[in-house]
Amino acid sequence: MSVGMTAVLVIVSLGAYAYYRRIESGIEREVIKVGASRPPETGALNVLLVGSDSRDGDNQKYGATSFGQGERTDTIMLLHISPNRDKATMISFPRDSMVQVPQCEGKNGAVLPGGLRQINSAFNDGGINCTIRTLESLTNIKINHFVKVDFTGFKGIIDAIGGIEICLPKPVNDPKAKLVLSAGKHVVKGEQALGYVRTRYALGDGSDLSRIQRQQIFLTKVMQKVTDGGLLTDPVKLNDFLLAATSAVTLDDKLSLDRMLEIGRSVSGLTTKELKGITVPTEPYPADKNRVQFFEPAAKNFFENVRNDVEVTVAPTPGKSSAPKVENEQVRVQVLNGTAETGKAAVVAGELASQGFVVTQVGTAPPATATSIRYAKKDTADGPAYGDALAARLSQDKRTPVAGKVKPVNFKPYESKVTKTPDGPVIQLVIGSDWPGVRVASAIPDSLKDKVVDSTTNPCV
């Protein structure tokens with residue numbers, strides 16, 4: 001059930017409507033308690049999205065025999081937003097994945113032993129905290145917040161935005177998902193929308209992987225409806241949306257209204273084009289053809305790429321005219337090592353050169369605690385823009401280029417394969433002991449490009 005993204009969209013909406021503070025009291029919250037040993041912060045924002053299939057309360061009609069038996073999840077997604085807040089990757093974890101679940105505290109307080117189990121058992125047996133603990137142990141990506149939505153809440157949110165247009169390649173009659181529709185385009189609300197994201201065997205190849213792709217397409221349509229459909233500029237529609245969303249979700253205790261406003265402002269420039277969906281690489285699980293396991297080393301490499309972050313671009317300064325973007329190939333760079341690590345400048349130079357930067361020299365700088373990006377004082381007109389292009393390729397928080405270069409201890413020419421040296425200022429990169437690393441060009445490797453779901457993906461699946 002693809003439900004969590006709708007709640008995250010509320011965050012964006014709240015950025016423009018501070019007077020909705022009164023609705024915060026209606027949000028159910030839960031404390032994140034996963035222990036002290038967690039992955040490091042990278043400046044990215046990672047939000048876990050979980051669809052709960054609880055049959056309690058208004059959800060009894062989806063399986064009264066399961067009433068009082070807790071909740072499971074068919075949907076586990078991780079929304080990864082880059083440190084510059086200009087790219088978003090929706091990572092889906094198939095519920096049938098067999099993984100190593102770490103020791104957790106169960107819902108009844110008892111200790112759940114670790115072991116090889118289906119990934120969604122972490123949520124069923126240990127709740128949201130066991131799910132977070134499991135995903136962090138598998139990916140080494142720190143989860144900052146979570147959003148949980150149940151069946152009834154999902155329907156209310158989709159109704160509040162006026163439904164979503166879908167496309168069916170064939171007629172569907174799925175009693176289990178309560179979905180009966182003819183082939184072609186339909187605007188679905190409530191029960192039909194829920195049935196569309198839940199149905200498994202009536203569409204696609206019957207696998208969870210096929211359903212995940214359909215869910216990701218649905219999410220891009222939801223985001224497009226929220227950002228481009230006039231919702232954010234219509235106080236009445238927005239009010240209905242926010243009231244439906246806040247009554248439908250469970251959030252972590254740190255995702256306060258102030259935090260929502262902060263995130264909303266930071267991602268206000270995100271559009272449907274910047275949201276890409278991808279499923280963790282998997283392969284059949286040898287012991288059970290109905291299960292899958294992570295495909296290695298592709299999955300490990302993918303998680304590493306996500307930690308190093310997706311490609312970012314330089315955002316224009318608010319309130320100022322947007323100057324032409326400076327491409328990597330236009331920037332000449334002198335790389336100086338201000339750390340005690342031998343050969344660091346050459347390594348970094350190679351990483352920058354692979355992304356198109358024209359490295360002119362490598363050398364040593366006086367010892368530096370903080371990494372800095374510098375341009376000559378005479379280059380105050382265009383130095384900042386060229387420096388920003390380089391700053392956008394460093395991980396963690398974006399560094400602001402400063403005027404004034406440091407005097408190298410020593411330097412030598414860098415052997416570059418560039419045939420034509422560009423004009424423009426030479427930017428100096430001084431590597432400090434806090435060196436954050438160079439971002440990878442893309443979190444999604446070439447081998448998975450055909451698995452990406454975005455706003456251009458054919459919706460009729």
Side-chain angles (χ1 to χ4, degrees), residues 1 3-5 7-8 10-11 24-57 59 68-81 90-93 95 97-150 153 245-263 280 303 306-307:
M1 181 179 57
V3 298
M5 183 60 182
V8 175
V10 177
I11 296 170
E24 184 175 20
S25 60
I27 302 175
E28 185 176 346
R29 298 189 180 278
E30 188 173 343
V31 178
I32 293 180
K33 297 186 297 183
V34 293
S37 179
R38 303 187 66 187
E41 292 279 4
T42 64
L45 176 67
N46 298 296
V47 183
L48 173 63
L49 313 175
V50 174
S52 167
D53 72 351
S54 169
R55 265 60 172 189
D56 293 354
N59 297 308
Q69 296 184 16
E71 54 185 348
R72 289 156 295 279
T73 180
D74 286 343
T75 300
I76 303 173
M77 293 183 174
L78 185 63
L79 176 65
H80 173 84
I81 303 176
M90 180 70 70
I91 306 166
S92 293
F93 295 82
R95 69 164 192 175
S97 302
M98 299 300 295
V99 301
Q100 287 292 334
V101 176
Q103 178 177 296
C104 296
E105 180 180 323
K107 293 180 180 179
N108 59 0
V111 174
L112 297 173
L116 181 65
R117 297 198 294 275
Q118 197 167 309
I119 194 169
N120 63 348
S121 70
F123 184 76
N124 184 36
D125 300 334
I128 195 70
N129 281 306
C130 190
T131 304
I132 292 174
R133 187 175 177 85
T134 298
L135 292 180
E136 289 188 344
S137 70
L138 293 172
T139 67
N140 198 29
I141 297 170
K142 184 172 183 177
I143 295 173
N144 305 101
H145 302 290
F146 76 82
V147 177
K148 181 176 71 174
V149 186
D150 63 18
T246 53
S247 64
V249 301
T250 299
L251 310 177
D252 64 273
D253 64 313
K254 302 299 183 184
L255 193 50
S256 64
L257 186 58
D258 287 340
R259 177 63 170 153
M260 292 181 192
L261 291 169
E262 175 192 339
I263 296 171
V280 175
F303 295 140
V306 172
R307 290 193 300 273

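Considering only heavy atoms from C-beta on, His145 comes within 4.5 Å of Leu45 through its side chain. At a threshold of 4.5 Å between non-hydrogen side-chain atoms, the residues Ser92 and Val280 do not count as touching.
Side-chain N or O atoms of Asn129 include one that pairs as donor or acceptor with a backbone N or O of Val31 at under 3.5 Å. With hydrogens and angles ignored, the 3.5 Å screen pairs no side-chain donor or acceptor of Asp253 with any backbone N or O of Arg29. Within the 3.5 Å criterion, the main-chain N or O of Gly114 finds no donor-acceptor partner in the side chain of Gln100.
In this structure, CG on Leu49 lies 10.0 Å from CD1 on Ile143, to the nearest 0.5 angstrom. Note: Thr73 OG1 to Phe93 CZ = 12.0 Å, rounded to the nearest 0.5 Å. Rounding to the nearest 0.5 Å places CG of Asn144 at 9.0 Å from CG of Asp252. Asn120 contributes atom CG, which lies 6.5 Å from atom CZ of Arg95 (distance to the nearest 0.5 angstrom). Atom CG of residue Leu135 and atom CG of residue Asn140 lie 12.5 Å apart, to the nearest 0.5 angstrom. The OG1 atom of Thr139 sits 7.0 Å away from atom CG of Leu78, with the distance rounded to the nearest 0.5 Å.
Of all heavy-atom pairs spanning Arg133 and Pro102, the tightest one is CG-CG, 3.8 Å. When all heavy atoms are compared, the tightest approach of Met77 to Leu48 is O-CD1, 3.4 Å.
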